[in-house]
Amino acid sequence: MSLSLLPLPPFPFPSSPPSLSNRPTTLKFNERRRNNGVRVNNSSLDASSEEISRATLLWRAVKLPIYSVALIPLAVGAGAAYCETGLFFAKRYFVLLGSSVLIITWLNLSNDVYDFDTGADKNKKESVVNIIGSRNKTQIGAIISLLLGFCGLIWAFLQSCDARFFLLVTYAILCGYVYQCPPFRLSYQGLGEPLCFTAFGPFATSAFYFASGTGLKLNATILSASVLVGITTTLILFCSHFHQIEGDLAVGKLSPLVRIGTKLGSKVVSIGIISLYILLGVFSSCKFLPPTSFLLCALTVSVGRKVVKFVQENHNDNVKIFMAKYFCVRLHALFGVALAFGLFLARRNLNINLKQI
C-alpha cells in the first residue's frame, strides 16, 4: 500500500520476535476452512520450497511486477491532468516515478521486517530478511528508501506548489504505515484491503493528478479514475493472501481469507472484477471518463476473465494459487495503462478537432 514524512519505525531494533498473547483460537478457523474447501498438502509445499532456486527466491523477494502499483496511479493521475490542461511535465513525472518506486521499496522491506517480528515469515524463504539474514539491515534499507523517496516528493511539491498533493500523498503513506507498522498493524485485523484501496486509489492517484499540473480542480474524471485504480490494486493484495492462510492463522493475522475461506474468497474476486467493468461503463455513460478510456479498458476484459477462472479453479490449491496475485498484477497494469492512454488520446483528439475548426 504509490505515499510522507512519518514517524520512523522505533529504535532500537528488538533482538527477537515478540510473543503474541492474543492469538485467536485455531480450532474455529480450521473448521471454517474445512467447510470452505481449503486443501493444504504440507509435504508437497515443503518439497516445492526445497526445489526453488536462489535466483527464483531473489526474483520473488524483489517483487518487480508489484512495482506496477507505483506506476499506475502516477500514469493515470498525469493522464487526467493532461486531459484537463494539455500539459505534461516530463521531469516532474520521472522524479515522482522514482520517488514512488522508493516508497514501495520501503513498504515491501518494512513489511518483511514486521512479518519477521511476528513470525508470519518464519518459513517464507523469499523474505528479504531471511535471504540476507539480517533484520536490522533490512529495516535500515527500508528507512533509507523512505527518506530518499520523500525527498523527491518534496521537490515535486515545490514545483507544483499545490498543498493538496502534499496532503494526499502524506495520507497515502500514512495508510501504508498503519497497515503494517507497530503499534497499529491494522493488516492483522483484516483492514489491509480498505487501506490499500484508499491509499492507491483516491489518495495517491488524486495526489499525482494535482502534482502533474498547476491550479487543477478536483473533478469527476480523476475521482472516477482513482476508484478504478483502487479496485485493481486491492485485488492484488486480496489475492496475495490465498496461499498464506496457514502462516497467517498461526500468528493471529486475521486476513479476509482467514475469516471467510478460499471458496468464498474466490467469489469475492469475481464480484470485484465484475464491479470494475460495471463501474467503467457507468462512469463512461455519465461522461466522467472519455470514450477512448472506455474502449481501451474494455479490451482488458479477457484478462479479467482469466483472473476469475484461475482463482475459481485453483483457490484451494496452495501451490498453484500463488500465481493469482501476478494475474492480478497483469490486469492492474494493462487496465491502468489503457485508462491513462485513453485520457491522453481524449485530449489529443480534442486538439485535432479544434485545429480543424
Side-chain angles (χ1 to χ4, degrees), residues 1 29-30 32-42 44-45 48-49 52 56 59-60 63-69 72 111 120 124 126 187 190-197 200-201 227-249 253-281 297-339:
M1 246 129 328
F29 286 107
N30 286 335
R32 184 181 300 172
R33 291 173 64 250
R34 283 195 295 270
N35 293 337
N36 284 283
V38 181
R39 182 177 71 246
V40 180
N41 188 330
N42 291 327
S44 65
L45 286 175
S48 63
S49 297
I52 299 175
T56 301
W59 171 257
R60 290 183 178 180
K63 302 181 179 76
L64 190 60
I66 303 297
Y67 282 85
S68 63
V69 302
I72 297 305
N111 186 63
K124 186 178 178 182
E126 64 266 25
S187 62
L191 298 176
E193 280 68 19
L195 288 170
C196 178
F197 173 84
F200 289 99
V227 168
L228 300 178
V229 171
I231 292 174
T232 59
T233 311
T234 305
L235 282 169
I236 299 174
L237 177 61
F238 186 85
C239 286
S240 71
H241 297 308
F242 274 101
H243 71 288
Q244 296 180 332
I245 292 180
E246 286 288 324
D248 289 346
L249 183 61
K253 185 175 183 179
L254 303 180
S255 69
L257 287 170
V258 168
R259 294 176 181 272
I260 67 176
T262 61
K263 185 176 181 180
L264 184 55
S266 66
K267 295 180 180 179
V268 171
V269 173
S270 300
I271 293 172
I273 291 179
I274 292 172
S275 300
L276 175 70
Y277 289 101
I278 290 177
L279 287 174
L280 173 65
C297 289
L299 296 177
T300 67
V301 168
S302 61
V303 183
R305 187 182 295 116
K306 288 181 180 179
V307 174
V308 171
K309 182 179 179 182
F310 181 83
V311 173
Q312 287 180 342
E313 293 178 350
N314 301 288
H315 68 85
N316 60 349
D317 188 325
N318 268 25
V319 176
K320 291 182 179 179
I321 200 62
F322 175 84
M323 294 301 298
K325 63 182 177 182
Y326 292 108
F327 280 89
C328 290
V329 168
R330 185 183 302 174
L331 173 64
H332 171 70
L334 292 175
F335 189 95
V337 169
L339 181 59

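These values consider heavy atoms only, across backbone and side chains, with no hydrogens, waters or symmetry-generated copies.
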Evaluation steps, side-chain contact (heavy atoms from CB on, under 4.5 Å), between H332 and T233: CA-CA 6 Å; H332 171 70; T233 311; 3.1 Å; yes
Pair F197 and F238, ring centroids less than 6.0 Å apart: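 Between F238 and F197, which both carry aromatic rings, the centre distance is not below 6.0 Å.
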What's the separation between atom [atom1] in [X] and atom [atom2] in [Y], rounded to the nearest 0.5 Å?
{"X": "L249", "Y": "R259", "atom1": "CG", "atom2": "CZ", "result": "11.5 Å"}
{"X": "I321", "Y": "S240", "atom1": "CD1", "atom2": "OG", "result": "11.0 Å"}
{"X": "F200", "Y": "L195", "atom1": "CZ", "atom2": "CG", "result": "11.0 Å"}
{"X": "S68", "Y": "I236", "atom1": "OG", "atom2": "CD1", "result": "5.0 Å"}
{"X": "E193", "Y": "C196", "atom1": "CD", "atom2": "SG", "result": "7.0 Å"}

Specify the closest pair of heavy atoms between [X] and [Y], including all atoms of both residues, with the distance to one decimal.
{"X": "I72", "Y": "A333", "answer": "CD1-O, 3.7 Å"}
{"X": "K320", "Y": "N314", "answer": "CD-OD1, 3.3 Å"}
{"X": "V229", "Y": "T232", "answer": "O-OG1, 3.0 Å"}
{"X": "G265", "Y": "L257", "answer": "CA-CD2, 3.6 Å"}
{"X": "I231", "Y": "G272", "answer": "CG2-O, 3.9 Å"}
{"X": "P194", "Y": "G190", "answer": "CD-O, 4.4 Å"}

Do the side chains of [Y] and [X] get nearer than 4.5 Å, heavy atoms only?
{"X": "K309", "Y": "E313", "answer": "yes"}
{"X": "V303", "Y": "R330", "answer": "yes"}
{"X": "Q244", "Y": "S255", "answer": "no"}
{"X": "L331", "Y": "I273", "answer": "yes"}

Residue of the set H315, H243, H241 for which side chain to side chain donor-acceptor pair (under 3.5 Å) holds with T262: H315
side-chain contact (heavy atoms from CB on, under 4.5 Å) evaluation trace for F310 with Y326: CA-CA 11 Å; F310 181 83; Y326 292 108; over 6 Å; no
Test side-chain contact (heavy atoms from CB on, under 4.5 Å) applied to C297 and L276, L228, L280, the passing residue: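 The side-chain contact (heavy atoms from CB on, under 4.5 Å) with C297 is passed solely by L280 among L276, L228, L280.
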Worked verdict on F242 versus V269 for side-chain contact (heavy atoms from CB on, under 4.5 Å): CA-CA 11 Å; F242 274 101; V269 173; 4.1 Å; yes
